[in-house]
Protein chains: 2
Amino acid sequence: MIELTEQTKGRTAGCCNPDLAPRIGPDEAQQLSDDLGILANPIRLQILDMLAQRDGHVCVCDLEAALPVKQPTVSHHLRLLRAAGLIDCERRGLWVYYFVQRAALAALRARLLDRFDALGYSTEQHA
Amino acid sequence: MIELTEQTKGRTAGCCNPDLAPRIGPDEAQQLSDDLGILANPIRLQILDMLAQRDGHVCVCDLEAALPVKQPTVSHHLRLLRAAGLIDCERRGLWVYYFVQRAALAALRARLLDRFDALGYSTEQHA
DNA sequence: TGAGTATATTGACATCCTTCAATATACTTG
DNA sequence: CAAGTATATTGAAGGATGTCAATATACTCA
């Protein structure tokens with residue numbers, strides 16, 4: 001009689017690769033998921049797009065005027081993007097000017113690309 | 001007296017680029033956001049990773065064994081990934097085998113990269 | 001046909017996310 | 001300091017998302 005391991009206990013044979021495991025661990029998966037999550041919102045994407053357009057700084061009232069949400073919502077998304085390190089701001093008098101953190105954006109892009117390539121092209125080159 | 005347009009009405013001058021607008025419209029932003037959203041979950045990332053590893057098909061029981069969530073949850077995420085077109089499945093007898101849709105993954109990757117490059121490198125080349 | 005296994009679906013619950021009105025804070029200008 | 005404007009924060013409401021127990025469905029084998 002064969003001892004069943006915890007892994008295989010309760011599963012019949014015949015279909016299974018009992019040693020299958022993700023190459024990304026839970027922590028890395030969570031980190032990557034957070035990276036993607038901060039981008040996964042139409043307002044935030046549009047904000048990033050506008051900030052990237054005007055490499056010089058952009059004041060909040062312009063963003064507000066160009067977006068289909070109210071001022072507190074714009075402020076909310078700006079805060080999330082700032083907490084994620086993707087943008088930063090600078091106060092000039094009455095106005096606050098936001099700008100993209102290109103280094104952070106580039107790092108995020110690199111992380112996503114690494115993962116994506118590992119995902120899509122590990123065993124075959126093309127569909 | 002100067003007529004105020006709808007755009008500039010209610011805003012003072014002095015800080016503003018009144019003609020600022022996102023290059024991505026609401027629809028495209030929503031689509032991109034959906035693309036990112038389907039990836040923005042640790043379980044789904046790990047599922048995609050495992051499916052990409054074994055290019056041959058993988059049965060659900062293996063996924064279930066390797067993931068820290070229960071069977072209905074695995075099934076739920078598989079359904080979302082399938083609805084997004086990123087994976088598909090095939091029944092063989094009692095078991096259902098899932099596999100990556102490499103073409104769809106490649107297309108998604110391309111869409112994200114396009115946007116990302118437009119975002120990060122429109123006016124300057126490096127941080 | 002009936003018992004058993006693999007996967008899917010349903011329904012409920014908790015948590016997070018988005019949004020906004022109301023309010024607070026920061027700053028300028030008179 | 002007072003009044004006015006720009007932005008941030010708070011608190012609440014509604015919707016979306018993730019999870020699981022229970023159950024249903026699909027299939028195999030005796």
Side-chain angles (χ1 to χ4, degrees), chain A residues 8-18 26 29-30 33-34 36-47 51 57-84 87-99, chain B residues 8-18 26 29-30 33-34 36-47 51 57-84 87-99:
Chain A
T8 54
K9 193 176 292 178
R11 298 198 288 144
T12 46
C15 72
C16 297
N17 304 304
Q30 184 63 56
S33 171
D34 292 345
L36 290 158
I38 188 65
L39 296 177
N41 175 283
I43 301 296
R44 288 196 291 274
L45 288 173
Q46 291 186 298
I47 289 176
L51 294 187
H57 305 177
V58 176
C59 84
V60 179
C61 60
D62 286 325
L63 298 174
E64 196 186 326
L67 291 169
V69 290
K70 301 284 182 183
Q71 180 264 323
T73 304
V74 175
S75 202
H76 170 66
H77 288 298
L78 287 171
R79 183 153 70 141
L80 292 183
L81 288 168
R82 202 155 95 89
I87 67 177
D88 203 351
C89 64
E90 176 196 20
R91 179 152 222 145
R92 264 186 250 152
L94 201 45
W95 299 287
V96 177
Y97 292 84
Y98 280 83
F99 51 93
Chain B
T8 54
K9 192 173 295 180
R11 297 196 287 143
T12 46
C15 73
C16 296
N17 303 303
Q30 184 62 55
S33 172
D34 292 345
L36 290 157
I38 189 65
L39 295 177
N41 174 283
I43 301 297
R44 289 198 290 274
L45 288 173
Q46 291 186 297
I47 289 176
L51 294 186
H57 306 176
V58 176
C59 84
V60 178
C61 61
D62 285 326
L63 298 173
E64 194 185 328
L67 291 168
V69 290
K70 302 284 183 183
Q71 179 265 324
T73 305
V74 175
S75 202
H76 170 66
H77 288 298
L78 287 171
R79 184 152 69 140
L80 293 183
L81 288 168
R82 202 155 95 88
I87 66 177
D88 204 351
C89 64
E90 175 196 19
R91 180 153 220 144
R92 266 185 249 150
L94 203 45
W95 298 286
V96 177
Y97 292 83
Y98 279 84
F99 51 94

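Every chain is numbered from 1, with letters handed out A, B, ... down the list of sequences. Hydrogens, waters and symmetry mates play no part in the numbers below; they use all other heavy atoms, side chains included.
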Of the candidates C/dT9, C/dT19, D/dT9, the side chain of B/S75 sits closest to C/dT9
Whole-Å distance, B/Q30 CD to C/dT18 C1', equals 12 Å
From CD of B/E64 across to P of C/dA8 the rounded distance in Å is 10 Å
Next on the checklist: Would you say that B/Y98 contacts B/V58 through its side chain, given a criterion of any heavy-atom pair below 4.5 Å between the two side chains?
Outcome noted: no
Regarding the side chain of B/C59, the nearest nucleotide among C/dA8, C/dT7, C/dT19 is C/dT7
Rounded to whole Å, CG of A/L78 lies from P of C/dT18 at a distance of 13 Å
To the nearest angstrom, the CZ-C1' distance between B/R44 and D/dG18 comes to 9 Å
Below the 4.0 Å mark, does C/dT18 have OP1 or OP2 next to a side-chain nitrogen or oxygen of A/N41?
yes
Closest to the side chain of A/W95, out of D/dA6, C/dT18, C/dC20, is D/dA6
So A/H77, base contact, sugar-phosphate only, or nothing? Heavy-atom distance under 4.0 Å. sugar-phosphate
- prompt: OP1 or OP2 of D/dT19 less than 4.0 angstrom from a side-chain nitrogen or oxygen of B/T73, does that happen here?
  reply: no
**Request:** Could you walk me through whether B/V96 and B/L78 pass the side-chain contact (heavy atoms from CB on, under 4.5 Å) test, one step at a time?
**Result:** CA-CA 11 Å; B/V96 177; B/L78 287 171; over 6 Å; no
Per nearest nucleotide of DNA chain C, the residue lying toward the 5' end, A/R92 or A/I43, is A/I43
note: B/L94, atom CG; D/dC27, atom C1'; distance rounded to Å ~ 5 Å
Taken to the nearest whole Å, CG/B/L80 to P/C/dT7 is 18 Å
Picking from C/dA8, D/dT7, C/dT7, the nucleotide nearest the side-chain atoms of A/V60 would be D/dT7
Judged by nearest nucleotide, the residue sitting upstream toward the 5' end of DNA chain C, A/G93 or A/P72, is A/P72
Rounded to whole Å, the CG-C1' distance (A/L81 to D/dA8) equals 15 Å
Taken to the nearest whole Å, OH/B/Y97 to C1'/C/dA6 is 11 Å
A/G93 backbone acceptor or donor facing A/R91 side chain under 3.5 Å:
yes
* To do: Report which part of the nucleic acid B/Q71 touches: base, sugar-phosphate, or nothing (heavy-atom distance under 4.0 Å, all strands).
  => base
* OP1 or OP2 of D/dA8 sitting under 4.0 Å from any side-chain N/O of A/Y98? -> yes
When B/T73, B/L80, B/V74, B/V69 are each screened for side-chain contact (heavy atoms from CB on, under 4.5 Å) with B/I43, the one that passes is B/V69
Hey, does the side chain of B/R91 come within less than 4.0 Å of C/dT7's phosphate (OP1/OP2), counting only N and O? no
Check your understanding: Going through the checks in order, is the side-chain contact (heavy atoms from CB on, under 4.5 Å) test met by B/R44 and B/L39?
Key -> CA-CA 7 Å; B/R44 289 198 290 274; B/L39 295 177; over 6 Å; no
